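Written below as structure tokens is the structure these notes are about.
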Amino acid sequence: MCAINIKELTKKQNPLTQGHRMCPGCGAPTAIRQALMGVDYPVVVVAATGCMEVSTTVYPYSAWRMPYMHIAFENAGAGISGIEAAYKVLRRKGKVDKDIKFVAFGGDGGTYDIGLQSLSGALERGHDFTYICYNNQGYMNTGAQRSSATPQNANATTSPAGKMAPGKLQRAKDLTEIVAAHEIPYVAQTTLHNPMDLIAKVKRAVETPGPAFVNVLVPCPLFWRIDPSRQVEICQMAADSKFWPVYEVVNGEYKLSYEPKKQVSIEDFLRAQGRYAHLFKKGAERLDLVEEAQRDADASWAKLLKKCGKA
């Protein structure tokens, strides 16, 4: 992992201004601040439509302290590709003489779903950029609808829990593995449980030539129905329960970044969030689904350990 000097980080200017209008306790601005703190180059940012975009760029204001372009919901990958390609042309013509890095941000809606084709194309073409998904596991900007990143059995407005169904019926898409299948130089998955892990992974992603991808699990207090003050605690539980493994793939080699010393049960992790409250409703408990979620997490963890050579 890249060396990080924490004292030097404290001297850096915050990449976002105060008063950006995101909800209190939202994990997305925390992830963006930490991600860009580790970048030592001038950065151009592209962001897909989503919570972060609508809350940080309310016309005529912007909370970004760097060049920023809002791109459509479905084409952040294409947008960052075009900017990076133009930069290469300008360098060849001698009109730009400094190293500039390119970072795209998108929520899970604009990354897992609507923008997947654009992201996949950019990865396949080999553009030199880093894509960071702030993954709150649903479409928060438009009312907490389910996305393909939403976990099974979670209660969302378009997959409501009730007599007919216990929330979302399908398992979440494993986008980190889909991106890794593109055989790009660097892929990583992390959350806010350890700021230095996120900072170091984004630093490595940005400094790696070619396309890179970082998937960051970030709580949405509104959708997850948690107290905003528990943001980091819930992220720690996600990692310790193996619900959200923390690892990286460097040139095809899997490396485990974090192994829980004491595993938290999936049940404890789910009980901590209101979006799963229906599974524990007195007299109508669905502990069979909780047990199934535990089996799924254990199976996914075993597969990851095997890929990391730790089986």
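The basis for the numbers below is simple: all heavy atoms, side chains too, and nothing from hydrogens, waters or symmetry mates. Because the structure is predicted, anything quoted here is derived from the model rather than measured.
Counted within 6.0 Å of CG on Asp97, heavy atoms from surrounding residues, nucleotides or ligands total 12 or fewer; the atom is thus considered open. Counting heavy atoms of neighbouring residues, nucleotides and ligands inside a 6.0 Å radius, atom CG of Leu222 does not exceed 12 of them. In Lys12, the NZ atom is crowded: over 12 heavy atoms of neighbouring residues, nucleotides or ligands sit closer than 6.0 Å. More than 12 non-hydrogen atoms from other residues, nucleotides or ligands lie less than 6.0 angstrom from CZ of Phe280. Taking a 6.0 Å sphere around CD of Glu183, one finds it holds 12 or fewer heavy atoms contributed by other residues, nucleotides or ligands. A 6.0 Å sphere centred on CE of Met69 holds no more than 12 heavy atoms belonging to other residues, nucleotides or ligands.
Closest of all the heavy-atom pairs between Thr190 and His193 is OG1-CE1, 4.2 Å. Here the closest heavy-atom approach between residue Ala76 and residue Val46 is recorded as O-CG1, 4.1 Å. Asn215 approaches Phe213 most closely through the heavy-atom pair CB-CE2, 3.6 Å. The shortest heavy-atom contact between Phe223 and Asn155 is CE1-O, 3.2 Å. What you find for Ile83 and Phe102 is that their closest heavy atoms are CG2-CE2, 3.5 Å. Of all heavy-atom pairs between Ala239 and Pro260, the closest is O-CG, 3.5 Å.
One N or O on the side chain of Tyr87 and one on the backbone of Ile100 form a donor-acceptor pair closer than 3.5 Å. Using a distance-only test at 3.5 Å, with no hydrogens or angles considered, a donor-acceptor pair links the side chain of His278 to the main chain of Pro166. In terms of modelled atom types and a separation under 3.5 Å, the side chain of Gln273 and the main chain of Phe269 share a donor-acceptor contact. At distances below 3.5 Å, not a single donor-acceptor pair connects side-chain atoms of Arg286 with backbone N or O atoms of Leu279. At distances below 3.5 Å, at least one donor-acceptor pair connects side-chain atoms of Gln189 with backbone N or O atoms of Pro245. For Ser241 (side chain) and Ala238 (main-chain N/O), a donor-acceptor pair under 3.5 Å exists by modelled atom type. The backbone N or O of Gly115 lies less than 3.5 Å from no partner atom in the side chain of Glu74, so there is not a single donor-acceptor pair. Here the side chain of Thr191 pairs a donor or acceptor atom with the backbone of Leu217 at under 3.5 angstrom.
With side-chain heavy atoms closer than 4.5 Å counting as contact, directly or through intermediates, the hydrophobic cluster containing Val246 also holds Tyr258. When hydrophobic residues (I, L, V, M, F, W, Y) are linked wherever their side-chain heavy atoms come within less than 4.5 Å, Val54 remains an isolated member.
Side-chain contact of Arg21 with Thr56: a donor-acceptor pair under 3.5 Å is absent, judged by distance alone. Checking Glu248 against Ser257 by side-chain atom types alone, no donor-acceptor pair falls below 3.5 Å. Checking Tyr68 against Ser62 by side-chain atom types alone, no donor-acceptor pair falls below 3.5 Å. One side chain, Arg33 or Asn14, offers a donor N or O that lies under 3.5 Å from an acceptor on the other. With no hydrogens or angles considered, no side-chain donor-acceptor pair links Ser118 and Asn75 at under 3.5 Å. For the 3.5 Å distance criterion, the side chains of Lys168 and Thr158 fail to qualify, holding no donor opposite an acceptor. In summary, the side chains of Arg146 and Gln137 do not present any donor paired with an acceptor at a separation below 3.5 Å, with no hydrogens or angles considered.
For Glu292 and Arg295, the salt-bridge test fails: no basic side-chain N is under 4.0 Å from an acidic carboxylate O. Taking a cutoff of 4.0 Å between a charged side-chain nitrogen and a carboxylate oxygen, Lys203 and Glu207 qualify as a salt bridge. Ionic pairing of Asp174 and Lys303 is not present here: no N-O contact between side-chain nitrogen and carboxylate oxygen is shorter than 4.0 angstrom. Between Asp99 and Lys101 there is no salt bridge, since no side-chain nitrogen of the basic residue lies less than 4.0 Å from a carboxylate oxygen of the acidic one. Look at Asp240 and Lys262 and you find no salt bridge, because none of the NZ, NE, NH1 or NH2 atoms lies under 4.0 Å from a carboxylate O. A salt bridge links Lys88 with Glu84: the distance from a Lys NZ or Arg NE/NH1/NH2 to an Asp or Glu carboxylate oxygen falls below 4.0 Å.
For the side-chain contact (heavy atoms from CB on, under 4.5 Å) criterion with Met66, the lone passing option out of Leu36, Val44, Leu16 is Leu36. Considering Asp108, Thr157, Thr150, Asp113 as possible partners of Tyr139, the one that fulfils the side-chain hydrogen bond (donor to acceptor under 3.5 Å, both in side chains) test is Asp113.
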CA sep, side-chain torsions, deciding dist, call: Arg125, Ser81, side-chain hydrogen bond (donor to acceptor under 3.5 Å, both in side chains): CA-CA 9 Å; Arg125 291 190 299 271; Ser81 298; 3.2 Å; yes

Could you walk me through whether Ile32 and Trp64 satisfy the side chain to side chain contact (heavy atoms under 4.5 Å, CB included) test, starting with their C-alpha distance in whole Å, then the side-chain angles of each, then the deciding distance to 0.1 Å, before giving a yes or no? CA-CA 10 Å; Ile32 288 172; Trp64 295 83; 3.8 Å; yes

Intermediate values then yes/no, side-chain hydrogen bond (donor to acceptor under 3.5 Å, both in side chains), Tyr112 and Asn135: CA-CA 9 Å; Tyr112 277 63; Asn135 180 4; 3.1 Å; yes

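Counting heavy atoms from C-beta on, the side chains of Gln34 and Leu192 come closer than 4.5 Å. The shortest distance between side-chain heavy atoms of Pro211 and Tyr131 does not fall below 4.5 Å. A heavy-atom distance below 4.5 Å is found between the side chains of Pro151 and Phe243. The shortest side-chain heavy-atom distance between Gln231 and Thr30 falls under the 4.5 Å cut-off. Looking at Ile184 and Val179, their side chains come closer than 4.5 Å, going by heavy atoms from C-beta outward. Counting heavy atoms from C-beta outward, Tyr59 and Thr57 have side chains that stay 4.5 Å or more apart. Looking at heavy atoms from C-beta onward, His182 lies in side-chain contact with Ser120 at the 4.5 angstrom threshold. By the 4.5 Å heavy-atom criterion applied to side chains, Cys308 and Lys255 are not counted as neighbours.
For the atom pair Tyr254 OH and Lys306 NZ, the distance stands at 13.0 Å (nearest 0.5 Å). Between the CD atom in Glu8 and the NZ atom in Lys11 there is a gap of 4.0 Å [rounded to 0.5 Å]. Atom OG of Ser265 sits about 8.0 Å away from atom CG of Leu270, to the nearest 0.5 Å. The OG atom of Ser147 lies 8.5 Å from the NZ atom of Lys173; values are rounded to the nearest 0.5 Å. Note that CG of Leu116 is 6.0 Å distant from CG of Leu175, once rounded to the nearest 0.5 Å. Atom CG of Asp197 and atom OH of Tyr247 lie 13.0 Å apart (nearest 0.5 Å).
Cluster membership check: Ile80 shares its hydrophobic cluster with Leu90, using side-chain heavy-atom separations under 4.5 Å among Ile, Leu, Val, Met, Phe, Trp and Tyr. Both Val218 and Val202 belong to a single network of hydrophobic side chains, linked directly or stepwise wherever heavy atoms of I, L, V, M, F, W or Y lie under 4.5 Å apart. Under a hydrophobic clustering in which Ile, Leu, Val, Met, Phe, Trp and Tyr are joined whenever their side-chain heavy atoms come within less than 4.5 Å, directly or via other members, Val290 and Trp301 fall into the same cluster. Follow the hydrophobic side-chain contacts under 4.5 Å out from Met140 and you reach Trp224 in the same cluster.
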